[in-house]
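In what follows, chains carry the letters A, B, and so on, assigned in the order in which the sequence lines appear, proteins first and then strands, with residues in each chain numbered from 1. Just the heavy atoms: all of them, side chains too, but no hydrogens, waters or symmetry mates, feed the values below. Note that this is a predicted model, so its numbers are computed, not measured.
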There are 4 protein chains.
Amino acid sequence: MSSNGNTFGKSFCVTTFGESHGTALGCVIDGCPAGIKLTKEMIQKALDRRRPGASVTGEASASVTARKEADAVEILSGVFNDLTTGTPIALEVRNTSQHSGDYGNLDLTFRPGHADYTYDIKYNGCRDYRGGGRSSGRETLARVAAGAVAQEILKQKGISVTAYTIRAAGVSADKRDLSQIEENNLRAPDNEAAAEMNKKIEELRAAGDSAGGVIECLVTGCPVGLGEPVFEKLDAALAGAMLSIGAVKGFEIGDGFAAADSLGSQNNDSMHAENSKPCFDSNHAGGVLGGLSSGADIIFRVAVKPVPSIFKPQQTVCRTSDFDADGKAEYDSSELQIKGRHDVCLCPRIVPVVEAMTALVLADFILRDNNAR
Amino acid sequence: MSSNGNTFGKSFCVTTFGESHGTALGCVIDGCPAGIKLTKEMIQKALDRRRPGASVTGEASASVTARKEADAVEILSGVFNDLTTGTPIALEVRNTSQHSGDYGNLDLTFRPGHADYTYDIKYNGCRDYRGGGRSSGRETLARVAAGAVAQEILKQKGISVTAYTIRAAGVSADKRDLSQIEENNLRAPDNEAAAEMNKKIEELRAAGDSAGGVIECLVTGCPVGLGEPVFEKLDAALAGAMLSIGAVKGFEIGDGFAAADSLGSQNNDSMHAENSKPCFDSNHAGGVLGGLSSGADIIFRVAVKPVPSIFKPQQTVCRTSDFDADGKAEYDSSELQIKGRHDVCLCPRIVPVVEAMTALVLADFILRDNNAR
Amino acid sequence: MSSNGNTFGKSFCVTTFGESHGTALGCVIDGCPAGIKLTKEMIQKALDRRRPGASVTGEASASVTARKEADAVEILSGVFNDLTTGTPIALEVRNTSQHSGDYGNLDLTFRPGHADYTYDIKYNGCRDYRGGGRSSGRETLARVAAGAVAQEILKQKGISVTAYTIRAAGVSADKRDLSQIEENNLRAPDNEAAAEMNKKIEELRAAGDSAGGVIECLVTGCPVGLGEPVFEKLDAALAGAMLSIGAVKGFEIGDGFAAADSLGSQNNDSMHAENSKPCFDSNHAGGVLGGLSSGADIIFRVAVKPVPSIFKPQQTVCRTSDFDADGKAEYDSSELQIKGRHDVCLCPRIVPVVEAMTALVLADFILRDNNAR
Amino acid sequence: MSSNGNTFGKSFCVTTFGESHGTALGCVIDGCPAGIKLTKEMIQKALDRRRPGASVTGEASASVTARKEADAVEILSGVFNDLTTGTPIALEVRNTSQHSGDYGNLDLTFRPGHADYTYDIKYNGCRDYRGGGRSSGRETLARVAAGAVAQEILKQKGISVTAYTIRAAGVSADKRDLSQIEENNLRAPDNEAAAEMNKKIEELRAAGDSAGGVIECLVTGCPVGLGEPVFEKLDAALAGAMLSIGAVKGFEIGDGFAAADSLGSQNNDSMHAENSKPCFDSNHAGGVLGGLSSGADIIFRVAVKPVPSIFKPQQTVCRTSDFDADGKAEYDSSELQIKGRHDVCLCPRIVPVVEAMTALVLADFILRDNNAR
C-alpha cells in the first residue's frame, strides 16, 4: 500500500516528517529562492509561539496543555552564512520530552474523534500509536517552521498574514483589535471576549470536557492575480490548506455561508476608479475573484472542532485480532479513560498554524507566478 | 508568466481545456484503469443533466438560463470496443451556440463579481473575454464529463455520490427525501421547499437580481482509509475541490461550523462493536477521521454565492490604457448593464458539478491506495 | 491498475492523447505564458515536417513510409486573436487515413521489437492494437505540435535547437554542414553521406529489412544556469526525454561514452576571461556542468534502433487464452509476416521529434527559472 | 528564483537534502508502504559500501579517496518497532569530518569540470562552496540510503539489481563473473581486469591525473509491464535517473549505440512459447519493449567521466565583482591548483549509486502499478 500526502506546494515545496513520540520532527523545503536571510533564531521564534503552553501574556495559559518541551530547531542544510542557497532547507526538532507511558494502552483501543481507528486500518496496524504518532497535532510544528521561511518571502512582497480567534467555547469576539491578539492567551483580537472565553474554558476543564471555536485570517498587501485558474484557485488552495489542519471542519472566504443568503446586487463588490486606479467599494468576496487575488484584503474563517481528548469516560472499540489477508479484523466494545495532558481548546495553538499554512500557499503562488502585481 | 492549475488528481489525472466561446471544451483523463466499460452515451447522460436549462421536471426551469446547446460529447481516444484501454481518454464538446455579440463591450469593462478584472491583470490583457472565456461556468462541462468516467470506478467499489440543494434564495429544505431530487428543478430533496425556492427565484428574476444557496453532498459505501495523511486529507481534498468551483464560497464537513460551538463530549463519535465489527454511534465528523474516510457516510455542504450576472445597472471600472512594462495600467469608472441570458440561482446546475468533483477526488484516492477497505 | 506517464514538464506541461487508428490525436499544453503569437499555420508547418513521406528534397523519400495523411491541426482553446491567453492550449489532429485492415491479425499475435506483448499484459488485453495504438510512432505527432509552441518560447530567448542524422544504415556523416540538413531526405548535415545512406537503405528495403542510426542535436544560445540540481539536471531531463522516444536506445552528451576513456586533464574544459567575460576553451562537457547549462553549446546524440516492422517472416508468440485472475495467460509459438507500409530507417522522422522534445525540456526549465541568464 | 529538483519518484518519493560540509545530509522517503522490516543496520550496511575508501578487499583502495568518515545513519521517523508505518521515513547522516580549510580559496574561483561556475550564476553567488556543497558526490549518500529502503520492496518481488564496473582507465572486463564484484576494489566482475585497471589508476594518480569508465547494471526477476507509456517509459526513467548522477555522461540499454548499426532482422528479439509461456530468443532490447519491462533481464550501461578534481594546475576564471541587477558580473583568468583528497576513478563508488537509483526507479513503478506481473 502506497501512502503519500506529506508534501505541500509545487514551487515552494515542503515535505514534513516525524511522529509525536519519535526521534525527531521536521521538514525539507525545496524551492526556497537563494539569497534570503535566514537564521535559526527566526524559525525558533515562530516555533516558540506555537509551543504548547506558550504564554502570550506571561501567565500560564488556561486553554492549552502543560507539556513543556524546548522544541529547539536546527537548520541542517540549505543555509550558508545566514543566507539561503536555493538548495533544500532541512529543519529538525528533536523530541525530548515524551511520556510514552501515558499512551501505553492505546495501541489497539481507539480514541473517539482521533485518527487512531482509520490509521490502524489504512496501515494494517503498523503505526506509532504513542501520542497519536503522525496524526498528532505535534506534526504542525514542522508546518510552522516551514511557514517561518515562507513568511520571509511574503515580507519581501509587503504581504502580512494575521490569524486570530474570533470565537471559542461559544463566546465571540466583538471587535477586531489586532493589537490585542498577543495580549491574551486565546489570541483573540478582543481582550474582554478573551477573558470570557477563558472563563468558559476553565469550566469545561473542570468538567473534563473541551471546546471548539472559529479562527479568522486576514492577509493584507497581496498583489492582484495570485492563484491559478480552475483547480488551483487561491481560495481552493487556502481551503485545502486549512482543512489539512487536523481539527478544522469548515472554511469560508469573504461572506462565506452568509453569501448563500445574499442577493447578487448585495454580494457583488462594485468598483470605481480613483486617480486612474481601480478600487473596490466593498469586500464581500474576501479578496478573491475567479480564484485569483483581487488586491483587496483576503479574509477567511475556519471552524475548529472541540479537542477530542476529553477526560470523561468514552465508549469505543478495540481491535482483538490481527488483520487477515483481506484486511479484515475483529473488534470488541471498550470503555476508554484518557490520561495525560491535553488542551481544552485548540484555537490559540492553531492560530500560528493557520498563519503558517496561509504563508505556504501564498509563497508557493508567488514563486509560480513572478508576474503577479 | 507561467500559468497552470488545469489538472486535477495524481493517479486519476484530469486536465481540462476550453473557453466558453472558443472552438471546443473538453478534458484528457490520464490514469483511468483499463477494462472499464465506457460509451459516449454514458458521458452524454451526465452532460445532459448539467446542461443549462436541463429540465428535471419536464417543464422549463425557472432558476437557470435558457441557452440551448447540444453539448454533444465525442470520445477521441483511450476507449476501444467500448472498453477503456488505460491510455489517455480525451473527451471533447464543440461549441455550437455562441452569441459572442452579447459580450462585445466586455473586453475592457469588468463585470463585478466575475473574474474579468483579475484575469485581465494576470494575463496582461490577453484573454478571451467572450462569455467569461476560461472562467465561465461552461468550463465545468469538462469536469462533469470526467466525473462520469470517475463514477464508473466508484460504482465498482459500491460507492454512491449524491448532491442536492438544501437552501436557495433564503428557503431551506425541511427534509432529505433523495427520491425527490430529480423531481423538481432546484434539485432539492424536498418538492415543497423547491416550489417555495422557485417562487422566490421568479421574484428575483423579475427584479433583475439573483440568489445563492447551499448544496449538500452525501457519499455512501466509502471504504475505511481513503485519503492521505497530513496535507492530502480526504476532507482537505474535498474542500479544495469544492472551492475550485467558481461560485463556491464555503465548505464544511459533518457538523462543520456548528462543531465550533459543540463540546468534545458531544462532538466525539463514540463507537461500539456489533458482531465483532466496529460501528459509530453518531456521525458528527461527517465520515472522516484524521483525514481518512471512517466508513461512515461522508457528508458535507458548500455555500454558493448569488449569480454575479444581474440585470441591474452596476458600477465598475474599465481599463483605458495598455499595461506598461511594470504591468500597470490606467482605469476609469464605468456603469455596466449586463445583457444576454443568465441563471438566477446556480444551485441546480452546480449539483452535478459537486458530484463530479467529489467523484474525481474519490476515484483518485482509490487508485492511489488499492488497499483501502 | 492505474496508468499514467502521458504528461511532460512541470511548468510547461504537455499531456498527449490518441492512438494511431483512433478518432484523433493531440495534446493539451498547460502553462504556456500569455501573449505569445500562435497560429494554426505555425504548428501545421512543424507537423508537415514530421509527416510520413515528408519530402525534404522535393522527391519521394526512400527511408520513410508512404502513408499519406493530411495531419491537419486544429487549435481548440487557449488562443484568442492569434495570441496565447495563458489558458490550456488544446491541439487536435483527426485521423483520416487509417487502414485498419492491415492490422487485423495483430490483436493476439505480437510483433517482435514492438510494444504489443508488454502492453497486452500491462492492460489485461484491453488495447487498441491497430497500428500499434498508443505505442505507435504516430503519437509523436502530438509532441511535435507541442514542440512548435515551445519553440516560440525559445525564440524569445534566442535559443535554437537543431537535430540531424549523423549515421544511418552504417554510414556516417563526415561533416556538420547544417545548411544541408533539409536538402536530403535523411536530414543529414552532409549530402554526400546522405546519398550513401539512401543507397544502403534501398538495399535493405529490397531485402525486407531495416536500419538504425544516430541523431545529434545542437542547442545554441542557451543561457547559463538552466536545469535543476540533483534529480532534474538538464542532461538528466534531456536523457529522459530522448529515451521516451520509442526507438531510442541510447543517449550521450558532450564526449559521452568516449569520456569514459579520457583523462581528467583532457576532459576538463578549462576557462579563461575575455573582456571580463568567462569563456570555455573546449566543450567536452557538451554544454552542461553539474546538471546546469554552462552557456556553451549543448550537444548530445541518441541511438536509434532499426525499424522493428520488417517484411521478413519472424518467430513470435500469440496469446491463446484470456488472462486469469492472477493475470496469467497461455501462449503458442507463431510465425508472423508483417504487411502494410513501414519506414526502413526512422532517423529523418525522429529528427523533428528530437527537436520537439528538446524544446519541451528547455521551455519547461525556462519557465521554472526566470533568473537564468 | 525558484529552485527544485531534489525529489525523485511519484509514489515512492525521495527528497534529499544536505551539503558536503554542512551540518547533515539525508532524505525523506514519502510513500514507503507500511509493514516493511527496516532497521538502521540495513541502511548502514548500504552506506558503508558507498563510503569513500570502502575497502572491498580488505586492503586500501587505490581508486578512491582516503576521507575517513563514519557516515552513521539515524532513522528519525516512519519506523516503529522495526517496521515501516507508511509515514515519511527521514534518514540523516551528520557530517563529522569536514576539512573546510581545503576549500578556502574556492568561493570565487571555479574548478573546471565542476558545478562551481554554473551554481554560482544560478544562485547569484549564494552557495556553500566547501567541497562542492550541494553538487558534491557526497550528496549521493542520501540516494544510497533511500535505495536501501527501495531494495526491501524489490526483494519482496524477487527483483535483484547488480551494478559493476566493466571498463576503467581504458581497461575492459573480459567476463561477467558477478561473484568477483566484491572481491576487487574496482567492483569489476573480473579480478584480472580489475588488477589491470588498478595499475593504470595508480599511474594516473602518480601523474596527478584521473580516469573514467563504464558501469553496467543488471536487473533480474523484473515482472512484465513495469513502466508507464509515452513519457515515463521504464528506460526513459532509468536514463534520467542515471544522468542525474554527477559524473555520468551517457546511457544505453540493451545493444544501445550498437543497435544503431544493426539490422531489424538482427535486432528484433523473436519469441517462442515453452509450456504455453512466452520466451525471448535473445535480448537485444535489454529487457524493455515499448517502455515497459518485458520480463527479460534489464541490462544497461552508463559512461562515467574522469574525476574532474586533478592535481595538475588548471586554467580557469574567478569572479571579481558582485552580480549586478541583471545578474551580470566580471571575471578574470586564473590558474588553479586543487588540493585535498580526491578519487582517481569514480566507478567503484558510483556502482552503489547506480544500484540505488535503479532501485528507486523500480520501487516507484511497482507502487504505481500493483498489477504488473
Side-chain angles (χ1 to χ4, degrees), chain A residues 1-7 10-13 15-19 21-36 74-81 83-90 92 94-95 119 122-130 133-135 139 364 366-368 370, chain D residues 1-7 10-13 15-19 21-36 74-81 83-90 92 94-95 119 122-130 133-135 139 364 366-368 370:
Chain A
M1 165 182 29
S2 154
S3 165
N4 289 11
N6 298 285
T7 296
K10 296 200 167 171
S11 282
F12 190 88
C13 298
T15 302
T16 71
F17 63 87
E19 285 88 35
H21 286 58
T23 301
L25 298 105
C27 65
V28 182
I29 303 168
D30 190 15
C32 184
I36 294 178
E74 193 174 12
I75 301 176
L76 301 182
S77 65
V79 177
F80 186 60
N81 292 339
L83 289 177
T84 59
T85 60
T87 61
I89 301 169
E92 175 186 297
R94 297 261 160 177
N95 283 320
Y119 269 58
K122 183 175 180 75
Y123 298 112
N124 276 295
C126 295
R127 68 187 179 97
D128 183 349
Y129 55 84
R130 300 167 303 166
R134 181 69 180 148
S135 67
E139 174 269 332
D364 190 47
I366 286 169
L367 293 175
R368 286 164 72 180
N370 306 16
Chain D
M1 164 183 31
S2 155
S3 165
N4 289 11
N6 298 285
T7 296
K10 296 200 168 173
S11 281
F12 190 87
C13 298
T15 302
T16 70
F17 63 87
E19 285 88 35
H21 287 58
T23 302
L25 298 103
C27 66
V28 181
I29 303 169
D30 189 16
C32 184
I36 294 178
E74 192 174 11
I75 300 177
L76 300 182
S77 66
V79 177
F80 185 60
N81 292 338
L83 290 177
T84 59
T85 59
T87 60
I89 301 169
E92 176 187 296
R94 297 262 160 176
N95 283 320
Y119 269 57
K122 184 175 180 73
Y123 299 111
N124 276 295
C126 295
R127 68 186 180 98
D128 183 349
Y129 56 85
R130 300 167 303 166
R134 181 68 181 149
S135 67
E139 174 268 332
D364 190 46
I366 286 170
L367 293 175
R368 285 164 72 181
N370 306 14

Query - A/R134/D/T85 under side-chain contact (heavy atoms from CB on, under 4.5 Å): CA gap, chis, key distance, verdict - result: CA-CA 9 Å; A/R134 181 69 180 148; D/T85 59; over 6 Å; no
Query raised in the report: Of the backbone (N, CA, C, O) and the side chain (C-beta and beyond), which part of D/I89 lies under 4.5 Å from a heavy atom of chain A, both, or neither?
Result: neither
**Report entry** Most chain A-contacting option - heavy-atom pairs closer than 4.5 Å, from D/A90, D/G133, D/C13
**Finding:** D/A90
Query raised in the report: Run the side-chain contact (heavy atoms from CB on, under 4.5 Å) check on A/R130 and D/F80 step by step: do they pass?
Result: CA-CA 10 Å; A/R130 300 167 303 166; D/F80 185 60; 3.4 Å; yes
Query raised in the report: Do you see a donor-acceptor pair shorter than 3.5 Å between the side chains of D/T23 and A/E74?
Result: no
Query raised in the report: For the atom pair CD (D/E139) and OG (A/S77), what is the distance rounded to the nearest 0.5 Å?
Result: 11.5 Å
Requested in this report: Quick one: which of D/V79, D/L83, D/V28 has the most heavy-atom pairs under 4.5 Å with chain A, could you say?
Outcome: D/V28
**Report entry** D/A34 versus A/C126, closest heavy-atom pair with distance
**Finding:** CB-CB, 4.1 Å
Report summary line: In this structure, OG1 of D/T84 is separated from OH of A/Y123 (nearest 0.5 Å) by 10.5 Å
Query raised in the report: Does A/N6 offer a backbone N or O that forms a donor-acceptor pair with the side chain of D/D30 under 3.5 Å?
Result: yes
Query raised in the report: Got a donor-acceptor contact below 3.5 angstrom from the A/N4 side chain to the D/K10 backbone?
Result: yes
Query raised in the report: Got a second to check how far D/R127's CZ is from A/N81's CG, nearest 0.5 Å?
Result: 12.0 Å
